Colleague: 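I am attaching a structure below and will ask some questions about it afterwards.
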Amino acid sequence: MARNPANRSLPTDKGPAVPPSSDHELAIEVMDLTVAYRDKPVLWDVDMSVQRGVLMAIVGPNGAGKTTLIKAILGLVDISAGRVLIGGLPYEQQRRRVAYVPQRGSVDWDFPTTVLDVVMMGRYGELGWIKRPGVREKQAAAEALDKVAMSDYANRQISQLSGGQQQRVFLARSLVQEADVYLMDEPFQGVDATTERAIVTLLQDLRDSGATVVCVHHDLQTVTEYFDSVTLLNVRRIASGATNDVFTEENLRATYGGRMAWLKTASQTEPAQD
Amino acid sequence: MFDLFTDYTLRTVALGAGILGIVSGVLGSFTVLRHQSLLGDAISHAALPGIVLAFLLTGSNEPLPLIVGAGVAGWLGTLLVRAIVRNTRIKNDGALGLVLSVFFGMGLMLLTYSQSRPDASQAGLDKFLFGQAAALLRNDVITIAILGGVAIVVVALFWKEFKLLSFDPEFGSVLGFRMGTIDVLLTTLVVIAIVIGLQTVGVVLMSAMVVAPGAAARQWTDRLGVMVCLSALFGALSGVTGALLSSTGARIPTGPMVVLSASAIVLLSLLFAPNRGLVWDKLRSRRVAISADPREQAGL
């Protein structure tokens, strides 16, 4: 499976890769994944195994392919080589188990709709074609809004929301998908400190209830505090595993290359500077 | 104006223009929300060669063959735009411009050729350029009503899917919907909305009918459902007004009249719509400047 053993992360404490079985240890398995736009590889031969019930960060410099990795797992981009398994099965058979939080900036927030309506979209997959959302969907959406402390905003037009509120609406929308694997693209992007705390708590609660959460994350300062696992990515997978084992200076240097010098001084002098 | 209730021809014209206004208003809302305003332009121009070819092939100027010809050509145009964007480095707007001008050029060429045929004068194909509502017959209106009705029923059925496509297509595909199929379906409906208006409004200006009502309606509301209904209303209003203005005067083409009516609605909406209107914006900022002291303003 791994063509490049030297580059492979620490084997899990359960031993070498478990073959696919019904009650699967691994929430996500990415094998030999290569994605290219035109001739340029965005991801090159990436292997990643995500244990069930972890809260994982995907970090790496701009253009490292973090978003592409998430989208490849979700089947949103064409894969040149490799494959992805969710709970040991192809994604197409596991759609209902996977929830997605896209980047906040990926939609037009001036769209004429309400907060509650956006959250209800998370139930559309369950509803299927043509059927309209009803009382049950409304109730599920209201409960999810309550979890992200946005109940008061249910009937607001979405363009009236702040960045942090938009992010919480997207989180609520993923919660109503009632999945057990959550893929999130920069859930902390552009939110204030209070909202960030609230979101972290929510993600940790999700993990503690048995779900698997994988986030594209930008702020290296908070990785150890927020996440129990981490994948370091820069087109190739540099390292992946428990944060304590993998989030080392050596691996960070390998991931960020020349820019490490700046990162190091930044972390020593000014914490949380960007 | 009172002729509307007594004059059979005027009633036919108003009915046809009203229905096509409703249909283009409904579909136009989605076009506006998806930032695809240019698509309507490309489809309507691309339809011209289809109309002329349909006439040359069938020798008939019945509405249905011509509409089918227009629809096929318009649809091929959108497919070509997609193919160009996917397979070359030309961006969407460039591809739209290319398809628009090439198809329209071919259409004009075919039109000139067809005029040389003895039966061309009866066919009156040149009315498809700028539209001639006065030429609408009962048969045309029935065709418009049936096709438009089907389009609106499909929108009602796939409301949820079209909303998903317009707001967050990637999320839709994660949910398991085949968004490509939904996109093709919606685009097909836009093609229908455009081709049923070509005889009345003309290929040159029909695209305004799928942009203006939606853009105006967006000013007045923050709900998709309300927006689509308002847009239908505005579309009908501009369609009927334009058609009547042109059929009362001697040989005024309908397209420009319809577009003028639609533009008036857009202008009024841009200025006076509550919340988003420019006038209210100005008033509000003045009131804030007068009433609020600087500290309060900073707190906003």
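Chain A is the first sequence line, chain B the second, and so forth, proteins listed ahead of strands; every chain is numbered from 1. Values in this document were obtained by computation on a predicted structure and should not be read as measured data.
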Colleague: Does the pair B:Leu224 and A:Thr113 meet the rule for a side chain to side chain contact (heavy atoms under 4.5 Å, CB included), with working shown?
Modeller: CA-CA 6 Å; B:Leu224 182 61; A:Thr113 191; 5.6 Å; no
Colleague: Out of curiosity, B:Ser173 OG to A:Arg95 CZ, how far, rounded to the nearest 0.5 Å?
Modeller: 6.5 Å
Colleague: Under 4.5 Å from any heavy atom of chain B, what part of A:Glu126 do you find: side chain, backbone, both or neither?
Modeller: neither
Colleague: Quick one: what part of A:Val118 sits under 4.5 Å from any heavy atom of chain B, side chain, backbone, both or neither?
Modeller: side chain
Colleague: Before accepting this row, confirm whether a basic side-chain N of the pair A:Asp117/B:Arg223 lies closer than 4.0 Å to the acidic partner's carboxylate O.
Modeller: no
Colleague: Any side-chain heavy-atom pair from A:Asp110 and B:Arg276 closer than 4.5 angstrom?
Modeller: yes
Colleague: Of all heavy-atom pairs between B:Leu175 and A:Met121, which one has the smallest distance, and what is that distance?
Modeller: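 For B:Leu175 and A:Met121, the tightest heavy-atom pair comes out as CD1-O, 3.2 Å.
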Colleague: Quick check on A:Trp44: does its CH2 atom have over 12 non-hydrogen neighbours (other residues, nucleotides or ligands) under 6.0 Å away?
Modeller: no
Colleague: For residues 24-38 of chain B, give me every residue with a non-hydrogen atom less than 4.5 Å from any non-hydrogen atom of chain A.
Modeller: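 Contacts with chain A: B:Leu33, B:His35.
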Colleague: Count the heavy atoms belonging to other residues, nucleotides or ligands that lie under 6.0 Å from CG of A:Asp78, then report whether that count exceeds 12.
Modeller: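 No, CG of A:Asp78 has 12 or fewer neighbouring heavy atoms, counting only those of other groups under 6.0 Å.
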Colleague: Before you tell me yes or no, could you show the steps for A:Ile130 and B:Lys160 under side chain to side chain contact (heavy atoms under 4.5 Å, CB included), namely the whole-Å CA-CA distance, both residues' side-chain angles and the distance that decides it to 0.1 Å?
Modeller: CA-CA 7 Å; A:Ile130 296 180; B:Lys160 172 176 107 248; 5.7 Å; no
Colleague: Pick whichever of A:Ser174, A:Gly128, A:Pro102 has the most heavy-atom pairs under 4.5 Å with chain B.
Modeller: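 Of A:Ser174, A:Gly128, A:Pro102, A:Gly128 has the most heavy-atom pairs under 4.5 Å with chain B.
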Colleague: Can you establish whether the number of heavy atoms outside A:Arg136 located under 6.0 Å from its atom CZ is more than 12?
Modeller: no
Colleague: Which region of A:Leu183, side chain (C-beta onward) or backbone (N, CA, C, O), has a non-hydrogen atom less than 4.5 Å from a non-hydrogen atom of chain B, or is it both or neither?
Modeller: neither
Colleague: Nearest heavy-atom pair of A:Asp108 and B:Phe167: which atoms, and what distance?
Modeller: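 It is O-CE1, 3.7 Å.
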Colleague: Identify which part of B:Phe158 has an atom lying under 4.5 Å from any heavy atom of chain A, answering side chain, backbone, both or neither.
Modeller: side chain
Colleague: Any non-hydrogen side-chain atom of B:Thr221 less than 4.5 Å from a side-chain atom of A:Pro112?
Modeller: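 A side-chain contact is absent here, since even the closest heavy-atom pair is not under 4.5 Å.
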Colleague: Inspect the surroundings of CZ in B:Arg178 and state if more than 12 heavy atoms from other residues, nucleotides or ligands are less than 6.0 Å away.
Modeller: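 No, because the 6.0 Å sphere around CZ of B:Arg178 holds 12 heavy atoms or fewer from other groups.
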Colleague: B:Phe171 versus A:Arg173: any side-chain heavy-atom pair under 4.5 Å?
Modeller: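 The answer is yes, as the side chains (C-beta and beyond) meet within the 4.5 Å cut-off.
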Colleague: What I'd like to find out is whether the side chain of B:Phe177 reaches to under 4.5 Å of the side chain of A:Trp129, using heavy atoms alone.
Modeller: yes
Colleague: Taking the side chain as every heavy atom from C-beta outward, state whether B:Val174 and A:Val98 have any atom pair closer than 4.5 Å.
Modeller: no
Colleague: Do the non-hydrogen side-chain atoms of B:Arg218 and A:Phe111 ever get within less than 4.5 Å of each other?
Modeller: no
Colleague: Do other residues, nucleotides or ligands put more than 12 heavy atoms under 6.0 Å from B:Trp75 CH2?
Modeller: no
Colleague: Tell me, side chain or backbone of B:Glu170 under 4.5 Å from chain A's heavy atoms, or both, or neither?
Modeller: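 For B:Glu170, the contact with chain A is made by backbone and side chain together.
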